[in-house]
Amino acid sequence: MSDFLSLSKKRRSVRSYKKQQIDEKVLERILDAARMAPSARNSQNWKFIVVKDQKRKEELTAATKGQSFINQAPVIIAGVGLESDKVMSCDVPTYAVDLGIAMEHIALAAADEGLGSCWIGAFFQDKVKEVLNISDTAKVVALMPIGYPADSPKEKERKSLEEVVSYDKF
Ligand SMILES: Cc1cc2nc3c(=O)[nH]c(=O)nc-3n(C[C@H](O)[C@H](O)[C@H](O)COP(=O)(O)O)c2cc1C
């Protein structure tokens with residue numbers, strides 16, 4: 001199996017974290033993977049807000065829909081699209097695609113470092129913006145807690161390739 005395929009199978013949603021802190025160098029490599037992500041027109045209209053402050057993490061947790069495990073993680077990264085009104089000619093919002101790719105780079109880079117992460121899309125946009133002092137024109141696409149896993153992997157539930165792939169037509 002290629003290294004990349006095994007990494008993509010290793011990446012999973014972790015919802016329980018150890019207290020162990022993340023080394024600054026490790027965190028920097030993970031953020032660098034986000035920086036390397038492609039974006040439409042290479043606009044890089046994004047900001048990755050790294051939240052480590054305990055009080056702010058608690059405020060963020062309160063801004064999610066009761067997902068208290070987020071607060072256990074030593075770091076929470078908020079992926080923010082800076083221009084939420086831009087839409088590509090294919091009628092898809094640019095920031096959502098750009099940030100989706102970049103945040104998954106973070107999740108994969110974290111998995112590569114032996115860390116766990118979880119995509120969090122269930123949060124109150126206005127509350128998170130208020131906690132992190134984010135401007136009206138920006139949009140938070142995801143929150144991502146990162147830390148050393150305190151749980152064990154389960155079998156991945158995925159549809160079969162036959163179900164999700166078609167050739168030459170829908
Ligand atoms: C856009 C997006 C939003 C998600 N939001 C949440 C969330 O708010 N809370 C949560 O626990 N998991 C969330 N997830 C994680 C999914 O439930 C998870 O990726 C899916 O069940 C597949 O499991 P796996 O990540 O372990 O492979 C989200 C995933 C994505 C991609």
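We use all heavy atoms of the structure for the numbers below, so side chains are in, but hydrogens, waters and symmetry mates are not. Order of appearance sets the numbers: ligands from 1, and atoms from 1 within every ligand. Worth saying up front: this structure is predicted, and the values here are computed from it rather than measured.
Counting non-hydrogen atoms of neighbouring residues, nucleotides and ligands closer than 6.0 angstrom, the CG atom of Asp136 reaches no more than 12 such neighbours.
Between the side chain of Thr64 and the backbone N or O of Phe123, no donor-acceptor pair lies under 3.5 Å. Side chain of Lys129 to backbone of Ala138: a donor-acceptor contact under 3.5 angstrom is found.
On a distance-only criterion, Ala122 and ligand 1 share at least one N/O pair closer than 3.5 Å. Taking any N or O of Phe69, backbone or side chain, none lies under 3.5 Å from an N or O belonging to ligand 1.
Of the candidates Ile146, Ile22, Ile76, Leu27, Val50 forms a side-chain contact (heavy atoms from CB on, under 4.5 Å) with just one, namely Leu27.
Between Ile77 and Met103 there is a side-chain heavy-atom pair separated by less than 4.5 Å. Put simply, the side chain of Ile30 does not reach to within 4.5 Å of the side chain of Val75, judged on heavy atoms. Annotation: side chain of Ser43 is not in contact with side chain of Glu83 (no heavy-atom distance under 4.5 Å).
The presence of a protein heavy atom under 4.0 Å from atom 20 (C) of ligand 1 is ruled out. Checking atom 25 (O) of ligand 1 against the protein gives a heavy-atom contact under 4.0 Å.
For the pair Lys86 and Asp98, the salt-bridge criterion is not met [side-chain N within less than 4.0 Å of a carboxylate O].
The protein non-hydrogen atom at the shortest distance from atom 4 (C) of ligand 1 is Trp119 O, 3.5 Å. What sits closest to atom 3 (C) of ligand 1 on the protein, heavy atoms only, is Gly121 N, 3.7 Å. Residue, atom and distance of the protein heavy atom nearest to atom 18 (C) of ligand 1 are Ser13 OG, 3.3 Å.
The part of Lys156 lying near ligand 1 is the side chain, judged by heavy-atom distances below 4.0 Å. Only the side chain of Arg158 comes within 4.0 Å of ligand 1, counting heavy atoms alone; its backbone N, CA, C and O stay farther away.
Heavy atoms of Lys154 stay at 4.0 angstrom or farther from ligand 1. Within the structure, ligand 1 has Arg11 among the residues with a heavy atom less than 4.0 angstrom away.
Every atom of ligand 1 is numbered from 1 in the order shown, and the set under 4.0 Å from a heavy atom of Cys118 is 10 (C), 11 (O), 12 (N). Short contacts between ligand 1 and Gln67, defined as distances under 4.0 Å to a heavy atom of the residue, involve ligand atoms 7 (C), 8 (O), 9 (N), 10 (C), 11 (O). Less than 4.0 angstrom separates some heavy atom of Arg15 from each of these atoms of ligand 1: 10 (C), 11 (O), 12 (N), 15 (C), 16 (C), 17 (O). Short contacts between ligand 1 and Arg12, defined as distances under 4.0 Å to a heavy atom of the residue, involve ligand atoms 25 (O), 26 (O).
Here the closest heavy-atom approach between residue Pro145 and residue Ala73 is recorded as CB-CB, 3.6 Å.
A donor and an acceptor atom, one from each side chain of Asn71 and Gln54, are located under 3.5 Å apart.
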